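What follows is a set of notes on a single structure, which appears directly below.
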Amino acid sequence: MGRVIFHVDVNSAFLSWEATRRVANGEPDIRLVPSIIGGDPEKRTSIVTAKSIPAKKFGIVTGEPVSAAVRKCPGLVIAQSDFALYSQCSKAFKSICREYTPVVEEFSIDECFLDMTSMKRLHPDPIKTAHELKDRIREELGFTVNVGVAHNKLLAKMASDFMKPDRVHTLFEEEIAEKMWPLPVGELFLCGRSSVEKLKKVHINTIGDLASADAKAVQALLGNKLGEQLWNFANGMDSSPVNDVPEAPKGYGNEITFDENITTWEQGENVLLHLADNVAARVRRDDVKGFCVSVTIRGNDMKKHSHQHKLATATDNTTHVYEVAKKLYRELWDGRTPLRLIGLSLSEMDREGQEQLSLFGETGRSAFGKQSAFAEDAPDSEKDRSADKAVDVLRERFGSDIIKRGGMINSGITPRKK
């Protein structure tokens, strides 16, 4: 039979996990009534992140403002996000998955791939095993999943998206023409809205149309890399392995959307300090450093802008990251357009301590006498390193709120993390 791959996908994960907790506490099951996971409907940045099947019947869609959802359904039940709960439930269902095979790839918080190929002697009937896995998750954890079974990851994922909830679907090569090709082309994995629009203009409306199209013509239309990938996917071709060891992050970032617009330089810099503190702490926790600091802003005109700066030496220091980010922010913002979002990231990670040889001394001058673009390119001081270590130790022992950087205290800013 060749490879056997499962894709396990939790049905309406955030809402299902919240419903499971409420049922365990003797409360009504919000999956059975119009309900959503979202924020305060009075706040314009609150959006629907998950919805029940009854809510879907009112035309409520994921990503729309909560206020709009309430207008469609005045009696809508709104539950707040709880990421600690989501993390707990995610670990629980993936733990059951690992009882069936050691090769499990965590694709997202609510889905994973299982490579069952080497488990054929223990589980000779993949369809029966998929049903057993699905039923165990429902009975032991209280929420449902779909399981897609196929010979590769692409087809397994496509299969798990068929009729929901609490189903097992197969999509083997001999089933592609019947089960996948009649679907709208937009349902093909990684085929986004822009690609769909381009394909429809040349009368490629279904996955089958794309599969039978000339591959070179598709590449000319969508670009070589994406065109080739989508054409291969439409034909059910995917050789990617199930990676049981997650790839190391290529960068660390965070961004905040605001309940009220940022209108002053000081407010924005306070937010940057908060972001630098968050990002640098995560970098230190993973014992890595980064060479590239990036800042992104989005105004109330919804236009995004970003700048980045490459450091001479990698850093994990909060103050270092903040000072560079502050200068990038000063370059980016015009000081007038109200800001709805600010983001910060640290990338180009150094994981082995092999930092680039710095040409800059503590003064920020190079060995050739030329001033650095940013004086903050100087290596981190021992004082800064000691301060960061002290903050990390306190937070690890007493919680993340035990100590905050001065700029965020009494700033009047309520972060809404994304």
Side-chain angles (χ1 to χ4, degrees), residues 9-22 28-87 89-90 107-111 143-146 157 160-165 183-197 200 253-262 296-304 337-343 413-418:
D9 188 6
V10 180
N11 302 135
S12 301
F14 291 175
L15 190 131
S16 291
W17 291 337
E18 176 64 32
T20 300
R21 173 169 62 183
R22 293 188 181 207
D29 190 340
I30 61 173
R31 288 169 291 195
L32 305 178
V33 299
S35 62
I36 62 168
I37 300 296
D40 186 344
E42 299 299 320
K43 296 179 178 179
R44 66 181 183 184
T45 53
S46 298
I47 64 170
V48 176
T49 58
K51 61 188 180 298
S52 66
I53 292 176
K56 186 177 180 180
K57 295 178 181 178
F58 284 84
I60 295 171
V61 296
T62 301
E64 75 173 317
V66 172
S67 56
V70 172
R71 287 194 293 270
K72 293 177 180 177
C73 180
L76 188 67
V77 175
I78 304 173
Q80 300 292 314
S81 299
D82 185 341
F83 289 98
L85 171 68
Y86 305 157
S87 178
C89 292
S90 177
F107 193 64
S108 70
I109 193 172
D110 61 348
E111 55 185 324
F143 54 86
T144 63
V145 300
N146 266 33
K157 180 162 177 58
S160 69
D161 280 337
F162 292 162
M163 184 182 292
K164 299 179 179 182
L183 298 175
V185 71
E187 293 192 25
L188 182 65
F189 180 55
L190 294 184
C191 190
R193 183 181 303 174
S194 175
S195 296
V196 170
E197 291 175 357
K200 286 187 174 182
N254 196 3
E255 59 184 32
I256 294 176
T257 302
F258 312 109
D259 289 336
E260 297 180 3
N261 289 329
I262 294 294
T296 300
I297 63 171
R298 187 177 73 205
N300 63 355
D301 56 3
M302 303 308 290
K303 294 181 179 178
K304 258 190 177 183
T337 305
L339 295 180
R340 293 196 61 184
L341 174 148
I342 296 179
I413 298 168
T414 304
R416 297 182 61 83
K417 295 182 182 178
K418 290 183 66 180

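What's counted below: heavy atoms across the whole structure, side chains too, no hydrogens, waters or symmetry copies. This chain uses plain numbering: 1 for the first residue, then up along the sequence. Note that the structure is a prediction, hence the values are computed from the model and not measured.
By the 4.5 Å heavy-atom criterion applied to side chains, I342 and E255 are not counted as neighbours. Looking at heavy atoms from C-beta onward, I60 lies in side-chain contact with C73 at the 4.5 angstrom threshold. No side-chain heavy atom of F58 sits less than 4.5 Å from a side-chain heavy atom of L76. Contact annotation: the side chain of P28 never approaches that of V33 to less than 4.5 Å [non-hydrogen atoms, C-beta and beyond]. Here the side chains of T20 and R31 are in contact, with some heavy-atom distance below 4.5 Å. Proximity of R21 to L85: side-chain heavy atoms (C-beta onward) are separated by under 4.5 Å at one or more points. Side-chain contact between T337 and K303: absent, with no pair of heavy atoms (C-beta onward) separated by less than 4.5 Å. Here the side chains of L341 and T257 are in contact, with some heavy-atom distance below 4.5 Å.
The distance from the OG atom of S12 to the CG atom of D110 is 9.5 Å, given to the nearest 0.5 Å. Atom-to-atom distance recorded for R340:CZ and I262:CD1 is 12.0 Å, nearest 0.5 angstrom. Here the straight-line distance linking atom CD1 of I47 with atom CD1 of I36 works out to 10.0 Å at 0.5 Å rounding.
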Checklist entry - How far apart are the C-alpha atoms of R22 and E18, what are their side-chain angles, what is the distance that settles it, and do they pass the salt bridge (charged side-chain N to carboxylate O under 4.0 Å, His left out) test? => result CA-CA 6 Å; R22 293 188 181 207; E18 176 64 32; 2.8 Å; yes

Next on the checklist: Applying side chain to side chain contact (heavy atoms under 4.5 Å, CB included) to F162 and L183, what does each step give before you reach the verdict?
Outcome noted: CA-CA 10 Å; F162 292 162; L183 298 175; 4.0 Å; yes

Item to check | CA sep, side-chain torsions, deciding dist, call: E64, K72, salt bridge (charged side-chain N to carboxylate O under 4.0 Å, His left out) | outcome: CA-CA 11 Å; E64 75 173 317; K72 293 177 180 177; 3.1 Å; yes

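Shortest non-hydrogen contact noted between I37 and S81 is CG2-OG, 3.6 Å. Shown here for L15 and S35, the closest heavy-atom pair between the two residues is CD1-OG, 3.4 Å. Closest heavy-atom contact between P34 and P54: N-CB, 3.6 Å. Scanning both residues, V61 and V48, for their nearest heavy atoms gives O-CB, 3.8 Å.
The backbone N or O of I109 sits less than 3.5 Å from a side-chain atom of S90, completing a donor-acceptor pair. Formation of a donor-acceptor pair under 3.5 Å by the N146 side chain with backbone atoms of D161 is not found in this model. Not a single donor-acceptor pair under 3.5 Å links the side chain of S87 to the backbone N or O of A84.
Using a 3.5 Å distance cut-off with no hydrogens or angles, the side chains of S16 and N11 do not pair a donor with an acceptor.
Considering only residues two or more places apart in sequence or on other chains, T296 meets the side chain to side chain donor-acceptor pair (under 3.5 Å) condition with none of them.
In this structure, W17 and F14 have tilted ring planes: the angle between them lies in the 30° to 60° band.
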